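In what follows, a structure is listed as structure tokens, so that the remarks can point back to it.
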Amino acid sequence: MALLRDVIDPELGSNIVELGMVPGAEIDPSGQVTVTVALTTMGCPLRAQIRRDVRNRVATLPGVSGVDISWTELSSEGKAKAMAIARRNVAESAPDTEIPITTKVLLIASGKGGVGKSSISVNLAMALATEGHTVGLLDADIWGYSVPRMLDLTGRLEGAETERKILPQTRRIGDGTLKVVSMGLLVDDEQTALMWRGLILNRAVRHFLEDVLWGPMDFLVVDMPPGTGDVQMGIAKLLPRAEMIIVTTPSRSVQNVAARAANMGRNNYLRIAGVIENMTAYVAPDGTAHALFGEGGGEALALEIGAPLLGKVPIDPTVSPASDAGEPFVLGEGPAAEAVRDIAKRLVDELVPAGELAGCSAHLAGTPVRLQRRGS
Ligand code: ADP
């Protein structure tokens with residue numbers, strides 16, 4: 001039951017144990033675990049996601065040989081109680097942001113710098129946009145921003161005409177759209193910088209979420225600062241429905257610091273969507289693999305934190321020159337590009353479309369829960 005407190009009902013934003021959705025869990029002598037989960041409604045589209053999260057968490061227990069889920073539905077009293085808890089939690093924690101309720105937010109995090117977190121963020125956002133989605137890319141790595149360089153963006157963010165708000169830099173990418181905000185697109189410009197005068201850096205991200213007119217978005221990819229400091233915690237609190245993706249390398253020494261990033265997310269009730277291993281073995285043209293940064297770090301981290309390994313991006317000599325030239329490598333060919341495109345497809349397939357979320361809570365006491373907009 002303690003482990004299941006890590007499973008967040010993505011719609012209600014609280015853990016399923018607190019919400020009263022786990023009436024029981026049984027373990028038979030062979031280690032087979034059966035968890036009973038009571039849903040708000042049997043047809044809830046979140047079911048697959050809850051199943052995956054419950055399995056991933058319980059499977060980390062030593063001695064567990066298998067995990068079954070027995071589904072049931074909350075009683076009307078149970079639904080009212082879950083609703084009350086969700087409302088209370090939302091009222092306590094949900095801030096006003098300009099991020100639409102239907103946007104899937106992906107926080108790309110890492111334990112330390114240099115593992116390719118920014119490269120993955122930029123190229124994942126680009127891959128999603130290429131697939132026809134409207135994608136926001138927030139460079140929250142405010143001290144070490146690199147997104148503008150990787151996308152060859154040189155202009156400045158502009159103010160909106162009608163409100164005292166800022167517009168993201170917007171680019172059409174095939175059938176999709178990419179909207180970018182980065183500290184690197186603000187500094188140097190006196191006019192805009194005036195608005196930011198006196199701003200301490202770790203408040204900057206809050207402004208990016210509250211004062212940027214993001215408009216409609218299918219996804220918001222956030223390039224998090226490395227590590228687990230105040231800024232990261234602030235973002236987690238501002239975006240309680242976000243999913244975290246941890247980027248790590250095959251090296252086991254990186255695994256420990258990466259696990260800390262995952263813990264930070266969990267402590268803030270974020271869902272961990274999975275792990276991406278970057279800088280996996282380089283495969284030379286003659287077919288020989290060179291594991292320059294070791295092997296197995298992605299799998300080991302995924303197992304340790306009970307989240308899926310979303311994919312492995314190999315070391316690819318085209319990556320660095322492409323980034324330096326401001327051309328995301330995912331638009332070209334090569335093993336890294338293929339791997340990132342596959343991860344983007346997997347995310348689109350596996351993440352419950354945010355737009356469907358209203359379907360479940362609408363069944364709760366007839367009133368949809370709005371998680372990110374206070375007072376609405
Ligand atoms: P972080 O955001 O974690 O600090 P970056 O995305 O800036 O890391 O990447 C660090 C360096 O590694 C950059 O020079 C980048 O081009 C390079 N890099 C990242 N991923 C790969 C890869 N799969 N193959 C080759 N080089 C990579």
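Quantities reported herein were computed from a predicted structural model and do not represent experimental measurements. Just follow the structure's listing: the first ligand is 1, and inside any ligand the first atom is 1.
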Exercise for review: Please report the closest heavy-atom contact between Ala82 and Leu74, naming both atoms and the distance.
Suggested key: CB-CD1, 4.2 Å
Review point. Any ion pair linking Arg149 and Asp324 (charged N to carboxylate O, less than 4.0 Å)?
Key: yes
Check your understanding: So does Lys165 pair up with Glu98, basic N to acidic O under 4.0 Å?
Key -> yes
Review point. Can a salt bridge be assigned to the pair Glu73 and Lys79 using a cut-off of 4.0 Å between side-chain N and carboxylate O?
Key: yes
Review point. Going by an N to O cut-off under 4.0 Å, is there a salt bridge joining Lys312 and Glu299?
Key: yes
Write out each pair where an N or O from ligand 1 and one from the protein are under 3.5 Å apart, with the distance.
| from | atom 1 | to | atom 2 | distance (Å) |
| --- | --- | --- | --- | --- |
| ligand 1 | 2 (O) | Lys117 | N | 3.4 |
| ligand 1 | 2 (O) | Ser118 | N | 2.8 |
| ligand 1 | 2 (O) | Ser118 | OG | 2.9 |
| ligand 1 | 3 (O) | Gly114 | N | 3.2 |
| ligand 1 | 3 (O) | Val115 | N | 3.0 |
| ligand 1 | 3 (O) | Gly116 | N | 2.9 |
| ligand 1 | 3 (O) | Lys117 | N | 2.8 |
| ligand 1 | 4 (O) | Gly114 | N | 2.7 |
| ligand 1 | 6 (O) | Ser118 | N | 3.4 |
| ligand 1 | 6 (O) | Ser119 | N | 2.8 |
| ligand 1 | 6 (O) | Ser119 | OG | 2.5 |
| ligand 1 | 8 (O) | Gly116 | N | 3.0 |
| ligand 1 | 14 (O) | Ser320 | OG | 3.2 |
| ligand 1 | 16 (O) | Ser320 | OG | 3.0 |
| ligand 1 | 20 (N) | Asn278 | ND2 | 2.9 |
| ligand 1 | 23 (N) | Asn278 | OD1 | 2.9 |
| ligand 1 | 23 (N) | Pro314 | O | 3.0 |
| ligand 1 | 24 (N) | Asp316 | N | 3.0 |

Exercise for review: Treat each ILVMFWY residue as a node, draw an edge where side-chain heavy atoms are under 4.5 Å apart, and state whether Met42 and Met21 are in one component.
Suggested key: yes
